[in-house]
Engineer: 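So that we are looking at the same thing, I have put the structure below in structure tokens.
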Amino acid sequence: MNKAIVTLGLLSLLAFVSCKENASSKVNADNVAVAAERDEAAKLVPVMSFEKSEHDFGTITKGTPQETVFKFTNTGNGPLIITDAKSSCGCTVPTYPKNTPIAPGDSGEMVVKFNGQGQNQVTKTITVKANTEKGSELLRIKAFINADAAAAVGPTAK
């Protein structure tokens, strides 16, 4: 038991003596400067502001391709980078400036093409992923689709 106490005491003394070094003398000033720069850059957050977040094509004939443009501005204080934009279905295709930095105050466009397929009232969503605080934005398109031109006119009287 005495051996255990003596061993424990020696280990404690060794740990106490080895921790006496001045830790601040081991800090690399270059690393501190790089970390401060990184922290300042992290505070610069882009904000993606759209002129509209929804577009209604109205009543269209089935199979008639449609297209709209969603204009946006970077109203934040950091460069905006769109990494991805996906539609809720394959009938809607977004085109956007992928991985292209958009400076604060600058604007851009996202073109959304819809093939006009579906029936009655349809709503499609486009999820835009970017380096904003929220991480993603949601856009919508909608239309009322007539089956064909004859259906838009109505039944013929005899």
Engineer: Measuring from Ile60:CD1 to Lys62:NZ, what's the distance to the nearest 0.5 Å?
Structural biologist: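 One gets 11.0 Å once the value is rounded to the nearest 0.5 Å.
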
Engineer: At their closest point, which heavy atom of Ser87 faces which heavy atom of Cys89, and how far apart are they?
Structural biologist: OG-O, 2.9 Å

Engineer: Rounded to the nearest 0.5 Å, how far apart are CG of Leu139 and OG of Ser88?
Structural biologist: 11.5 Å

Engineer: Which atom names give the shortest non-hydrogen contact between Asn131 and Pro46, and what distance separates them?
Structural biologist: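 Shortest heavy-atom contact: O-CG, 3.3 Å.
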
Engineer: Please work out whether the ring planes of Phe70 and His55 are parallel, tilted or perpendicular, with thresholds of 30° and 60°.
Structural biologist: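 Plane angle over 60°, so perpendicular.
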
Engineer: Looking only at heavy atoms, which two atoms of Pro79 and Pro101 are closest? And how far apart?
Structural biologist: CB-CB, 4.4 Å

Engineer: Are any of the side-chain heavy atoms of Val45 and Thr132 separated by less than 4.5 Å?
Structural biologist: no

Engineer: For the CZ atom of Arg140 and the OG1 atom of Thr123, what is their distance to the nearest 0.5 Å?
Structural biologist: 8.0 Å

Engineer: Looking at Lys124, I'd like to know if its NZ atom is crowded, meaning that more than 12 non-hydrogen atoms belonging to other residues, nucleotides or ligands lie closer than 6.0 Å.
Structural biologist: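 Yes.
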
Engineer: Tell me which one of Glu54, Lys52, Met48 satisfies side-chain contact (heavy atoms from CB on, under 4.5 Å) with Phe50.
Structural biologist: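 Among Glu54, Lys52, Met48, the one that satisfies the side-chain contact (heavy atoms from CB on, under 4.5 Å) with Phe50 is Met48.
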
Engineer: Taking all heavy atoms of Gln117 and all of Ile145, pick out the closest pair and write down the distance.
Structural biologist: O-CD1, 3.2 Å

Engineer: Compare all side-chain heavy atoms of Ser107 with those of Phe72 and state whether any distance is below 4.5 angstrom.
Structural biologist: no

Engineer: For a 4.5 angstrom cut-off between non-hydrogen side-chain atoms, does Val111 reach Glu67?
Structural biologist: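 Val111 reaches Glu67 side chain to side chain.
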
Engineer: Are any non-hydrogen side-chain atoms of Met110 and Thr95 less than 4.5 angstrom apart?
Structural biologist: no

Engineer: Just verifying a value: how many Å separate Thr68 OG1 and Phe114 CZ, rounded to the nearest 0.5 Å?
Structural biologist: 12.5 Å

Engineer: Do you reckon Val112 sits in the same ILVMFWY cluster as Phe57, going by side-chain contacts under 4.5 Å, direct or chained?
Structural biologist: yes

Engineer: I'd like to know if the side chain of Asn74 reaches the main chain of Val47, judged simply by a donor and an acceptor atom lying under 3.5 Å from each other, with no hydrogens or angles considered.
Structural biologist: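 Checked: pair present.
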
Engineer: If you count every heavy atom of other residues, nucleotides or ligands that lies below 6.0 Å from Gln121 atom CD, does the total exceed 12?
Structural biologist: yes

Engineer: Let me confirm one number: the CG-OG1 distance from Leu80 to Thr83, rounded to the nearest 0.5 Å.
Structural biologist: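 These two atoms lie 9.5 Å from each other.
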
Engineer: Side-chain donor-acceptor pair under 3.5 Å between Ser49 and Thr75, yes or no?
Structural biologist: yes

Engineer: Take Lys113 and Thr92 through the test side chain to side chain contact (heavy atoms under 4.5 Å, CB included) and record every step on the way to the result.
Structural biologist: CA-CA 6 Å; Lys113 295 180 181 181; Thr92 306; over 6 Å; no

Engineer: Side-chain contact test, heavy atoms from C-beta onward, threshold under 4.5 Å: evaluate it for Asp106 versus Thr73 and give yes or no.
Structural biologist: no

Engineer: Between atom CG of Asn120 and atom CZ of Phe144, what is the distance when rounded to the nearest 0.5 Å?
Structural biologist: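 Result: 4.5 Å between the selected atoms.
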
Engineer: Could you walk me through whether Thr100 and Lys98 satisfy the side chain to side chain contact (heavy atoms under 4.5 Å, CB included) test, starting with their C-alpha distance in whole Å, then the side-chain angles of each, then the deciding distance to 0.1 Å, before giving a yes or no?
Structural biologist: CA-CA 5 Å; Thr100 304; Lys98 185 174 185 172; 5.8 Å; no

